[in-house]
Amino acid sequence: MSSDSRCDGDDSQTVHLHLQVLDQQRTITLNVAAGDGPIGDVLPVARQLSEQLTAIGIETAARDGRQVSCRAGCGACCRQLVAISLPEAMALADVVAAMPPERQVVVRRRFAEALDRLEANGLLEPKQPDRDRYLTQPTAAGRSVAAPLAQRYFRQGIACPFLEEESCSIYADRPLVCREYLVTSPAEDCDRLFETPVERVELPVRVGNVMVQLAHRVGGAPCETIPLVLALEFAEAHRDEFKELHRGLDLVAELVSETAAEQRRGS
């Protein structure tokens, strides 16, 4: 993977990434904001990259005779355990904070009700002052196990706080993992997740994973994902940790580096 760039004026630059994806040379063009900013400023670029890599996965599936079955109004995946990076949690908190007051009340109430339900069912640690809390899946050894936890979470049927009429109400700002979760199996199979196998579109790189690594290496965040339902809590607790400014092109270079590393890990 390599890159080159050119200036498009004072506000943005165009970056061309040259990647070898699925044994083919691909060039991906990204628009990068000029100037300095916090690590979260790289998210628009990460979304562009995710969109183009996802398109490659869809093209590959189509050549194999597999068509994406995801459609607006099918919100089964919006009841899954959605794991995001800390910069994305902060971005979602900003989306909520920018909503009209009456709208904020509705969305914040949904977040609170989801957490109350998880806590009541033993899937969420009780809230304590000055401590992050996490989803929990006790085992005989006292450790958490990801797969059973995701299954227990799904069985709660808790809708994403942004889900309305089985569609995403913040579609343009949805997390990377949501953008990268596509299936080619029948849509009704998603309602029986963990009982009926679903066929996901395989991607050359999942940029959602890249952002977790980037936040860890550049921003010093723990190398872990955050459940979307805890996004507002984590954003409030960690906001001051991500105020350091970075040059826009430097952030993109780090994003490219982590994308290449993620591609190697998956190959």
Side-chain angles (χ1 to χ4, degrees), residues 11-12 30-33 35-51 54 70 72-75 77-118 124 132-133 135 153 158-182 206-212 214-215 218-219 221 224-246 248 251-252 255:
D11 298 327
S12 66
L30 304 173
N31 296 316
V32 181
D36 298 345
I39 190 172
D41 281 6
V42 81
L43 265 177
V45 182
R47 290 167 181 162
Q48 294 175 55
L49 179 59
S50 173
E51 179 180 345
T54 300
C70 303
C74 176
C77 60
C78 302
R79 291 171 176 80
Q80 291 191 46
L81 175 53
V82 176
I84 62 177
S85 63
L86 186 51
E88 290 181 275
M90 294 181 176
L92 289 179
D94 289 341
V95 168
V96 174
M99 292 176 176
E102 63 276 12
R103 175 71 177 151
Q104 280 196 52
V105 170
V106 172
V107 173
R108 291 184 186 278
R109 182 176 66 241
R110 291 174 185 166
F111 270 94
E113 289 173 349
L115 297 184
D116 287 345
R117 186 167 167 186
L118 290 169
L124 179 63
D132 292 331
R133 57 175 174 167
L135 298 183
Y153 187 100
I158 298 173
C160 171
F162 299 112
L163 185 68
E164 295 188 354
E165 298 182 359
E166 297 304 302
S167 293
C168 181
S169 64
I170 58 160
Y171 192 77
D173 297 300
R174 70 196 187 282
L176 291 163
V177 67
C178 301
R179 297 163 189 264
E180 297 173 342
Y181 187 90
L182 298 166
R206 295 193 180 274
V207 183
N209 296 338
V210 171
M211 277 302 303
V212 174
L214 183 67
V218 176
E224 59 190 17
T225 55
I226 298 162
L228 183 150
V229 289
L230 283 165
L232 302 188
E233 280 193 11
F234 270 77
E236 182 179 359
H238 294 274
R239 178 72 63 180
D240 290 341
E241 298 172 18
F242 283 83
K243 289 186 175 180
E244 182 181 356
L245 300 183
H246 306 268
L251 282 175
V252 174
L255 179 70

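Side chains of Val82 and Pro227 form no contact here, defined as non-hydrogen atoms less than 4.5 Å apart. Between Leu92 and Phe162, some side-chain heavy-atom pair lies under the 4.5 Å cut-off. Ser169 places a side-chain heavy atom less than 4.5 Å from the side chain of Arg103. Residues Glu244 and Val218 fail the side-chain proximity criterion, which asks for heavy atoms closer than 4.5 Å. Within the 4.5 Å cutoff, the side chain of Leu230 has heavy atoms near those of the Leu124 side chain. Within the 4.5 Å cutoff, the side chain of His246 has no heavy atoms near those of the Val42 side chain.
Ion pair Asp94/Arg239 flagged as a salt bridge, since at least one NZ, NE, NH1 or NH2 atom sits closer than 4.0 Å to an Asp/Glu carboxylate oxygen. For Arg108 and Glu236, the salt-bridge test fails: no basic side-chain N is under 4.0 Å from an acidic carboxylate O.
Without hydrogens or angle criteria, Glu165 side chain to Gly73 main chain gives no donor-acceptor distance under 3.5 Å. Looking only at distances, a side-chain donor or acceptor of Arg174 sits under 3.5 Å from a matching main-chain atom of Tyr171. In this structure, the side chain of Glu88 engages the main chain of Ser85 through a donor-acceptor pair within 3.5 Å. In this structure, the side chain of Arg179 does not engage the main chain of Arg47 through any donor-acceptor pair within 3.5 Å. Side chain of Gln48 to backbone of Asn31: a donor-acceptor contact under 3.5 angstrom is found.
Rounded to the nearest 0.5 angstrom, Tyr153 OH and Leu135 CG are separated by 7.0 Å. Here Leu228 contributes atom CG and Cys78 contributes atom SG; the two are 9.5 Å apart, rounded to the nearest 0.5 Å. Ile39 CD1 to Met90 CE: the interatomic distance, rounded to the nearest 0.5 Å, is 9.5 Å. Atom CZ of Phe234 is separated from atom CD1 of Ile84 by 10.0 Å, given to the nearest 0.5 angstrom. Put simply, CG on Leu118 and CD1 on Ile158 are 3.5 Å apart, with the number rounded to the nearest 0.5 Å. Here NE2 of His238 is found 3.5 Å from CG of Asp132. Values are rounded to the nearest 0.5 Å.
By the neighbour-count criterion of 12 heavy atoms within 6.0 Å, atom CD of Glu51 is sparsely surrounded, having that number or fewer from other residues, nucleotides or ligands.
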Run the side chain to side chain contact (heavy atoms under 4.5 Å, CB included) check on Ile170 and Met99 step by step: do they pass?
CA-CA 11 Å; Ile170 58 160; Met99 292 176 176; 4.2 Å; yes
Begin with the C-alpha distance, continue with both residues' side-chain angles, and end with the deciding distance and a verdict on side chain to side chain contact (heavy atoms under 4.5 Å, CB included) for Arg110 and Val106.
CA-CA 6 Å; Arg110 291 174 185 166; Val106 172; 3.7 Å; yes
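Of all heavy-atom pairs spanning Phe242 and Ala221, the tightest one is CZ-CB, 3.5 Å. In terms of heavy-atom proximity, Gly37 sits nearest to Asp41 at CA-OD2, 3.3 Å. Gly40 approaches Pro87 most closely through the heavy-atom pair CA-CB, 4.4 Å. For Ala114 against Val229, the heavy-atom pair with the smallest separation is CB-CG1, 4.2 Å. Taking all atoms of both residues into account, the shortest heavy-atom contact from Leu43 to Ala91 is CD1-CB, 3.6 Å. Taking all atoms of both residues into account, the shortest heavy-atom contact from Ala93 to Leu232 is CA-CD2, 3.7 Å.
Partners of Ser167 by side-chain hydrogen bond (donor to acceptor under 3.5 Å, both in side chains), not counting sequence neighbours: none found.
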